[in-house]
Number of protein chains: 2
Amino acid sequence: MVKYLFKIQEKIVPEMITLAEVRYTILRTINFNQPVGRRTLAGLLDISERNVRNELKFLEEAGLITVTPAGAMIADSGMNFLGELDKYIKELKDINILEERLKRVMGLEEVLIVPVGLEHDSVEKEIGRQAADYLRELLKDGDILAVSGGFTLAQVANSMKTSDSSRNIIVVPGQGGIGEKVEIQANTIAAEIAKKLGADYRMLHIPDNIKKENLPVITSDPAVKQTLDYLKKANILIHGIGGAEDMALRRSMPRETIQHLLDLGAVGEAFGLYFNEKGEVVFATSSVGLGPEDLKEVGRVIVVAGGVNKARAIISVVSPDYHDMLITDELTARELLKLKGGEVKKDR
Amino acid sequence: MVKYLFKIQEKIVPEMITLAEVRYTILRTINFNQPVGRRTLAGLLDISERNVRNELKFLEEAGLITVTPAGAMIADSGMNFLGELDKYIKELKDINILEERLKRVMGLEEVLIVPVGLEHDSVEKEIGRQAADYLRELLKDGDILAVSGGFTLAQVANSMKTSDSSRNIIVVPGQGGIGEKVEIQANTIAAEIAKKLGADYRMLHIPDNIKKENLPVITSDPAVKQTLDYLKKANILIHGIGGAEDMALRRSMPRETIQHLLDLGAVGEAFGLYFNEKGEVVFATSSVGLGPEDLKEVGRVIVVAGGVNKARAIISVVSPDYHDMLITDELTARELLKLKGGEVKKDR
DNA sequence: CCTTGCGGTAACGTTTATGTCCCGGTGTAT
DNA sequence: ATACACCGGGACATAAACGTTACCGCAAGG
């Protein structure tokens, strides 16, 4: 019914579809970069300054943003409205249909696709925002949430709104430190998400490249042990995905190890595990935390990954056996469908 | 769901609602007045010629109209699309909600409200068109359709599309001639509708102001008798409504009779019967055809009436006992709700 | 056969929107 | 303290859109 009416609408007022998208993108961009001025906005998106100016005026008059001397800021009502707009734009751009198709092809319970706008900025912030919104609604009292590290997850943590009310939730890192920058380590992210949610959290302090024979010593540490116990009891897990080579490089592996990895056919990485195209684990970093078998125990496993270049990695890692949900962007979704053999007909 | 999305849309692209209405109205007006040129259109609606020009160009490029040397004509696809647009605009303007409310207040099974555009032309053509469309879809083989006279019904007949395939339907006039001009007599209208539908029809030739004692003579005439028989078997009836005073004047009643009518409280007229505000028949023109009791026998009674000034007459005539459906325009619908005590809150 | 009315196209002056640049102010990093 | 980057608002030339008028062709009606 909705789609039917939208089709009629597109025929009678086709120009408005573009306009709606532009305003949506502007509002979205302000949301992240606030406070931001019109010139910066015009540069960020590919719109003329004048045009941005007009749209800013419109958005201000609609009460969605406030314009301060420091730049445009999103208003409270604008914040709320952005959430509504997400749904609207999805309907407009047929993203719901994309979601259904991808859900079927990947064998997942749920798929969330964020529309890609005209910002030449990365879409990862946007994925992060919507993942964060989704998580916030999902979490209930008593939940134990496990999170991985990575850039995408950092975005999730970063764009999560702050709750005033504290909730009876515990956030735990899904893995120890594995030679990453602090901002994108699972520990840091777990802590930040917990803080935003008003929840509790546990840390998993494990040194890099720990020798296997020393593992028992570490895991017998009471603090570590407690965290690991929570981890086993986690009922929600959200994690990112990396390209195999990228991750190996980022973790400064020796060159021959990387070559070895690639020879084994590794294309995707998650949790220190490297997967080949068939979805088999071909290599595992000696790390502490969740293993592939543990994922099956977790009630709801959400994977967040965006960017067309990550498509192959996503396919290698995501499996109906482990995962329940995928959050990605429109372009990547289309690429996934293409790779999976599903024809990507733009049916509008 | 639809309404929800439209609300969002109205906030993010409010200008398009006007635009959609303008284009709708133009398409609609072309449909009636074709072939019609820019200037005439600009005069008919209250839009500048330049604006009309742009919209015509748009509509032509969309393939909805064709521009001939004689003026703009609606294309086949435009015809079909107009039907879709009706539904869309209804949704947009919350007419569906209006319909539901009016249905409840009037106690009818169905209500059809046509959106009022910006043409200062009468809306009766528009009501006629939509009533005709509705009728066309409603009628099935074997149906016997009874029609009344009147200006509105003439519009219905006039704007009905011609069917190539003939249908096994019989159209009969619901009343004899009662001193009207030929074009709006039931006989004429029945014949025209039958022709458009590719159906059969019967006439009811009865002189005006026939004396009661002569009735048996007339009704014993085989042709008349046959028509009356069909009339009794009619399963669908569509009729108009007149203001009591207007109708009396049109039928050139003597002044004292009119005064008598008004003293009796007559406000509405249908089928030569005059109704007071309570819906009681206070006066009956001596005419042959359907009486109030017959209406109850007819499966589906549709009343067509538009114009705010007819609101009181509509209320007096239309009753759940006799009627199943009302077709009117937006403004009149709002007026009816107001008169019936239903608050007319514009909830958008 | 001519007038009249309505059609499209073209032209033109005016208004409005657009792209661009500059200015004064402000917060921040040096 | 100073320089810098960025802010909103204003200014202005230019381009586009608009409203209006004029013109020509065609068909209907006198």
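Note that this is a predicted model, so its numbers are computed, not measured. Every chain is numbered from 1 and lettered A, B, ... according to where its sequence line falls, protein lines coming before strand lines.
- Between the CD1 atom of B:I47 and the P atom of D:dC18 there is a distance of 12 Å, rounded to whole Å.
- If you measure from atom CD of B:E15 to atom C1' of C:dA17, you get 14 Å, rounded to the nearest angstrom.
- Exactly one residue among A:R129, A:R28, A:K93 makes a salt bridge (charged side-chain N to carboxylate O under 4.0 Å, His left out) with A:D86. That residue is A:R129.
- B:Q9 CD to A:L85 CG: the interatomic distance, rounded to the nearest 0.5 Å, is 10.5 Å.
- Using a 4.0 Å cut-off, some side-chain N or O of B:N54 falls inside it from OP1 or OP2 of D:dC18.
- Using cut-offs of 30° and 60° on the angle between ring planes, the pair B:Y88 and B:F6 is perpendicular.
- The phosphate of C:dG7 has OP1 or OP2 within less than 4.0 Å of a side-chain N or O from B:T40.
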For this session: Could you run through nucleotides 19-28 of chain C and give me one letter per nucleotide, 5' to 3': B if any protein heavy atom sits under 4.0 Å from the base, S if only the sugar-phosphate is that close, - if neither?
Result: BBBB------

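- Across the protein-nucleic acid pair, A:L59 atom CG and D:dG8 atom P stand 13 Å apart, rounded to whole Å.
- Note: B:E126 CD to B:T29 OG1 = 8.0 Å, rounded to the nearest 0.5 Å.
- Distance check: B:Q155 CD to B:F151 CZ gives 4.5 Å after rounding to the nearest 0.5 Å.
- The NZ atom of B:K57 sits 15 Å away from the P atom of C:dG8 (whole-angstrom rounding).
- The line from CZ of A:R334 to CG of A:D329 is 10.5 Å long, rounded to the nearest 0.5 Å.
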